[in-house]
Amino acid sequence: MAFLSFSIPNLVLTLFASIVTATVAPVAAGSGIPEVKAYLNGVDAPGILSFRTLVIKIIGSISAVSSSLLVGKAGPMVHTGACVASLLGQGGSKKYGLTWKWLRFFKNDRDRRDFVTCGSAAGIAAAFRAPVGGLLFAIEEMASWWRSALLWRAFFTTAIVAILLRAFIDICKSGKCGLFGTGGLIMYDVYSADASYHLADVPLVLLLGVVGGILGSLYNFLLDKVLRIYNFINEKGIAPKIFLACTISILTSCLLFGLPWLASCRPCPSDASEACPTIGRSGNYKKFQCAPGYYNDLASLIFNTNDDAIRNLFSKDTDKEFQHSSMLIFFVTCFSLSVLSYGIVAPAGLFVPAIVTGASYGRFVGMLVGSHSNLNHGLYAVLGAASFLGGSMRMTVSLCVIILELTNNLLLLPMIMLVLLISKTVADAFNGNIYDLIMKAKGFPYLETHVEPYMRQLTVGDVVTAPLQLFHGIEKVGNVVHVLRTTRHNGFPVIDENPLSETPVLYGLILRAHLITLLKKKAFLPTPNPTVNDAFSQFSAVDFAKRGSGNGDKIEDIKLSEEEMEMYVDLHPFANASPYTVVETMSLAKALILFREVGLRHLLVIPKISNGSPVMGILTRHDFMPEHILALNPLLARSRWKRLRIRFPPSLKPF
């Protein structure tokens, strides 16, 4: 009966979270940090920041975290903050009647991107009550472009988060808000005025960082493999998605309920700072199956919220509270379940599971070291969490500040910095950070800050693919409709030929959304002759403003008669007459730097010597992806020595 009362609510909550996510907003599944990071890099995936996604992210995250799955809330809160910010940046949600006219001034790409960056900072600040950590997280991990003006805006955002949290914590001191507010603004306060360490402790801390980096990279490797298996299952339909989530829920309930039976009961300490044993939702000493006056240390970690489990692991003066076997079992369980739980069709974060796993690893190391170190087991748990986070997420500055704000132990700052640097350096030798691996698995064309060495051997002409779809300055409506229906391109070159120009010349670039707006408004001409009338008389700036997520018009919705299909449309007034262009002989590495730093969506390639057409092709971010480049140039995928042999004749081998 105890097992059923534990497992059935878990299963129901998981089932609810998976059903609403799979049927209403599938993009709300997972952490959300990879999606927001890709958006801030220029990848506008459909629906990732919509109002529907926001609602399901909140509801699904509450259900998933409450269902005993080893998932966190930090990632979903980052996604939630980004969704709220995006809705503000697009003036609200017109579909659901939530619009504000005064927000139309922010309805542009740059301001919306700034809003989303501030929203992601607010998410971390709210999840960990770490305003400065949230700000640094947005700078270090999320934002691809950073401006000084954005710094104080994000700082202002996280400051407001901290003030509101403080206010709500004060309101909830009466205990009417459940577990919210416990610990104040410092969630895991392990402040210790006597946290002294000596030179003899440094080698142990270095070893902790090295092993943490290896474990973090192993965690990323296994999670990447599991996600690929889950993606294969999820592609089968909604039913397999829900079945997979329910299977993981049942497995989790069986492990969490069964493993504490392996631990032996321990007598309650005579100097315990709280009641022992306890039966309820919190407390360091769980009775479980033990006799009065005894507690089960493994059950004390498992039958608790993640926050309470972390607080128990970080706590000081508890060196004799846990057994070696219990801590090892808890570490292996957390490591395995966090890998298996992420990827199901439900909102799930990675931050908190990584902290729990790393803290248990660090505590176990502290127990092995014993009296040979000046640091207590709780501080080893803090350093273990830092090493595992550094090995998995590869952040340094933001993680360091977040951990300091979580634990309130500034005296441990040098050790935390050292552990993060060591673990990140070790893990970088094996694979990338976890969010980059997830973005790659999802197929997001994320542009890295660095240039691959082989790109310096190629020109932009080597990666341009045909055929190129283009329009004339005055184009037949039927041709425009045909191209839009048969392609999914979002930008088209506009050229002028006779009689508008003696030789073919590039006039500019026009976007797909603008073409659809012209067709929708039916701004047609009866003859292919330019007119002197004001082309914008029947348009307003709102018609060409960037639409909200998922609200763009589609070519399939445009209905035109046969007579209208034979008419013409003048594209000159609506095309961008000064698009970015590069010559076909330009280095691909330089083109990538230009593309990323300016934040382009299209980069036109023009021939060095005119051969009839003024445009060779268009480069988009997909053309800069290593997979695309290596597929066009298979020889580049070989060893570095063989690539060098391509550049140098045999008689001039590099030395």
Side-chain angles (χ1 to χ4, degrees), residues 31-43 72 74-75 77-79 81-82 85 113-159 161-162 209 212-213 216-217 220 349-352 354-355 358 385-407 413 416-428 431-440 444 446-450 596-597 599:
S31 167
I33 291 179
E35 287 82 356
V36 177
K37 184 177 179 179
Y39 174 83
L40 293 176
N41 189 257
V43 182
M77 290 193 73
V78 169
H79 198 178
R113 187 173 66 237
D114 289 354
F115 268 113
V116 172
T117 305
C118 293
S120 62
I124 288 293
F128 295 125
R129 306 172 198 174
V132 181
L135 169 64
L136 294 174
F137 173 81
I139 296 175
E140 183 177 5
E141 181 64 18
M142 303 302 293
S144 293
W145 295 278
W146 192 259
R147 299 180 296 112
S148 58
L150 184 56
L151 181 63
W152 74 264
R153 293 175 183 174
F155 182 77
F156 174 78
T157 304
T158 56
V161 170
S217 61
N220 292 2
L350 288 170
F351 247 106
V352 174
I355 293 176
S387 69
F388 193 82
L389 284 169
S392 176
M393 300 183 180
R394 314 295 163 80
M395 293 178 281
T396 51
V397 180
S398 57
L399 279 180
C400 184
V401 175
I402 287 173
I403 292 172
L404 288 179
E405 291 184 288
L406 280 173
T407 60
L413 174 62
I416 294 176
M417 295 173 64
L418 184 62
V419 161
L420 285 171
L421 288 172
I422 294 296
S423 61
K424 180 188 183 308
T425 303
V426 171
D428 280 338
N431 48 33
N433 81 59
I434 187 62
Y435 296 126
D436 288 349
L437 293 177
I438 295 174
M439 283 192 296
K440 187 175 181 180
F444 293 143
Y446 185 86
L447 291 179
E448 298 287 352
T449 55
H450 63 274
R596 191 185 187 282
E597 293 301 322

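- Residues meeting the side chain to side chain contact (heavy atoms under 4.5 Å, CB included) test with Val401, sequence neighbours left out: Val132, Leu136, Glu405.
- By the side chain to side chain contact (heavy atoms under 4.5 Å, CB included) test, Ser423 pairs with Ser387, sequence neighbours left out.
- In this structure a side-chain-to-backbone donor-acceptor pair under 3.5 Å is missing from Asn220 to Asn433.
- Across all non-hydrogen atoms, the minimal contact from Cys400 to Met417 is SG-CG, 3.7 Å.
- Not counting sequence neighbours, the partners of Ala127 by the side chain to side chain contact (heavy atoms under 4.5 Å, CB included) test are Ala74, Met77.
- In this structure Ser120 satisfies the side chain to side chain donor-acceptor pair (under 3.5 Å) test with no other residue, sequence neighbours excluded.
- The shortest non-hydrogen separation linking His79 to Ser31 is CB-O, 4.0 Å.
- Under the rule for a side chain to side chain donor-acceptor pair (under 3.5 Å), the partners of Glu140 that lie at least two apart in sequence or sit in another chain are Thr396, Ser398.
- When Val419, Leu404, Leu420 are each tested for a side chain to side chain contact (heavy atoms under 4.5 Å, CB included) with Leu399, only one passes: Leu420.
- The backbone N or O of Leu40 sits nowhere less than 3.5 Å from a side-chain atom of Trp145 that would complete a donor-acceptor pair.
- Between the Thr425 side chain and the Leu421 main chain, a donor and an acceptor come within less than 3.5 Å of each other.
- Note that OH of Tyr435 is 7.5 Å distant from OG of Ser392, once rounded to the nearest 0.5 Å.
- Annotation: salt bridge (charged side-chain N to carboxylate O under 4.0 Å, His left out) contacts involving residues 114-127, sequence neighbours excluded, comprise Asp114-Arg147, Asp114-Arg153.
- When all heavy atoms of Ile422 and Gly209 are compared, the pair lying nearest together is CG2-C, 3.7 Å.
- Note that CG of Leu350 and CG of Leu389 are 10.5 Å apart. Values are rounded to the nearest 0.5 Å.
- Taking both residues in full, the closest heavy atoms of Ala154 and Trp146 are given as CB-CH2, 4.5 Å, listed atom of the first, atom of the second, then distance.
- In this structure, Tyr446 places its OH atom where more than 12 heavy-atom neighbours from other residues, nucleotides or ligands lie under 6.0 Å away.
- From Phe444, atom CZ reaches atom CG of Asn41 across 11.5 Å, with rounding to the nearest 0.5 Å.
- Considering CD1 of Ile434 and CZ of Phe351, their distance stands at 12.0 Å, rounded to 0.5 Å.
- How far CD1 of Ile402 is from CD1 of Ile416: 12.0 Å, rounded to the nearest 0.5 Å.
- Rounding to the nearest 0.5 angstrom, the gap separating the NZ atom in Lys424 from the CE atom in Met393 is 14.0 Å.
- Qualifying salt bridge (Lys or Arg N to Asp or Glu O under 4.0 Å) partners for Asp436, counting only residues two or more places apart in sequence or in other chains: Lys37.
- Between Ala143 and Thr117, the shortest heavy-atom distance links the atoms CB-CG2, 4.2 Å.
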* Stepwise, does the side-chain contact (heavy atoms from CB on, under 4.5 Å) test hold for Phe137 with Thr158? -> CA-CA 11 Å; Phe137 173 81; Thr158 56; over 6 Å; no

* Going through the distances and angles, do Thr157 and Phe115 end up as a side-chain contact (heavy atoms from CB on, under 4.5 Å)? -> CA-CA 10 Å; Thr157 304; Phe115 268 113; over 6 Å; no

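- Every residue two or more places apart in sequence or in another chain that forms a side chain to side chain donor-acceptor pair (under 3.5 Å) with Asn431 is listed here: Arg394.
- Shortest non-hydrogen contact noted between Ile403 and Ala386 is CD1-CB, 3.4 Å.
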